[in-house]
Amino acid sequence: MPEPKILAALGLTPIWVRRTGPALQTDTVTQAFYPASTLVEEKHVAFNTEAMLVNTEQQPKHESFVDVNSSPISQSNTPVAELDWNTLEERVSHCTRCKLCETRTQTVFGVGDQQADWMFIGEAPGANEDKQGEPFVGQAGKLLDNMLRAIGRARGEGVYISNVIKCRPPGNRDPHPDEIAKCEPYLQRQLALIRPKLIIALGRFAAQSLLKTQASIASLRSRVHEYEGVPVIITYHPAYLLRNMPDKAKAWADLCFAQKTYQEIAS
Ligand code: URA
């Protein structure tokens with residue numbers, strides 16, 4: 001049974017616990033979310049509903065330019081697939097392969113444990129990430145941190161977080177196909193160096209980009225896919241969950257499925 005504090009960390013509240021009788025099963029989170037009349041007592045409130053309404057990504061666009069000639073690495077001909085971690089990060093930081101370099105403040109390479117078994121992949125940096133240089137630092141990031149806590153993990157502890165796209169698309173528009181294609185070698189190299197056991201794709205864009213499909217999230221969930229030889233599980237983007245609270249129950253089910261899959265892989 002998921003402990004109330006785990007559900008609270010995930011924002012799956014209010015929940016209701018029986019006074020007596022059998023405990024809830026992990027896969028009955030929906031029941032916990034939509035309490036039956038027989039379920040009473042112990043209401044946990046953990047979600048700041050005001051925060052849910054704030055779109056922190058609607059920030060002014062940053063106009064700054066990067067000196068593409070400032071680093072010898074930016075001019076090196078070494079293929080991305082042969083770079084080590086530091087030179088890869090340096091290469092990304094000077095990248096001018098698409099026009100997103102003209103509007104970014106800085107690149108957002110990724111954060112976490114380079115030996116991580118779990119890799120979470122989002123879409124692209126938003127305004128906060130563009131400013132701070134770290135993925136998922138806004139409200140969506142706080143929810144992602146809660147989701148990680150719910151499965152006994154944390155940013156940097158067995159987890160690496162990155163995005164399909166390393167630069168913020170202006171106005172948070174969807175990345176264009178050419179931008180995805182130009183950025184993909186960086187993600188592929190990150191994967192090759194980290195060698196995670198499991199990828200969690202966060203949201204439609206990450207799922208469709210990694211799996212090269214137009215299929216909906218709903219149709220891709222609850223199955224194990226593959227990207228670059230690594231098992232992939234699809235779940236909702238935390239920013240979407242902030243706007244669609246009932247789907248948090250599905251995200252919780254996805255995380256339970258990911259845990260189960262990981263245990264099978266790791267054993
Ligand atoms: N959304 C994403 O997909 N990635 C981030 O880093 C932030 C918000």
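Ligands are counted one by one from 1 in listed order, and the atoms in each one are counted from 1 as well. Just so you know, these numbers come straight off a predicted model, no measurement behind them. If you read the sequence from its start, that first residue is 1, and numbering goes on from there.
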Could you tell me whether a side-chain N or O of Thr103 sits under 3.5 Å from a main-chain N or O of Pro169, the two making a donor and an acceptor? no
What's the separation between atom CE in Met147 and atom CZ in Phe136, rounded to the nearest 0.5 Å? 9.0 Å
Heavy-atom contacts with Glu123 under 4.0 Å: which atoms of ligand 1 show up? List them by number with element. 2 (C), 3 (O)
At a 4.0 Å cut-off, with the gap strictly under it, does some heavy atom of Ala239 reach an atom of ligand 1? no
Should one rank Pro238, Ala206, Gly122, Ala124 by closest heavy-atom distance to atom 5 (C) of ligand 1, which comes out on top? Ala124
Can you check whether Phe136 has an N/O within less than 3.5 Å of an N/O in ligand 1? yes
Counting only N and O atoms by type, is there a donor-acceptor contact under 3.5 Å from the side chain of Glu123 to the main-chain atoms of Val164? no
Distance under 4.0 Å to a non-hydrogen atom of His237: what atoms of ligand 1 satisfy this? 1 (N), 2 (C), 3 (O)
Please work out whether the ring planes of Trp118 and Tyr262 are parallel, tilted or perpendicular, with thresholds of 30° and 60°. tilted
With heavy-atom distances below 4.0 Å as the criterion, list the atoms of ligand 1 near Pro135. 6 (O)
Are any of the side-chain heavy atoms of Glu179 and Lys99 separated by less than 4.5 Å? yes
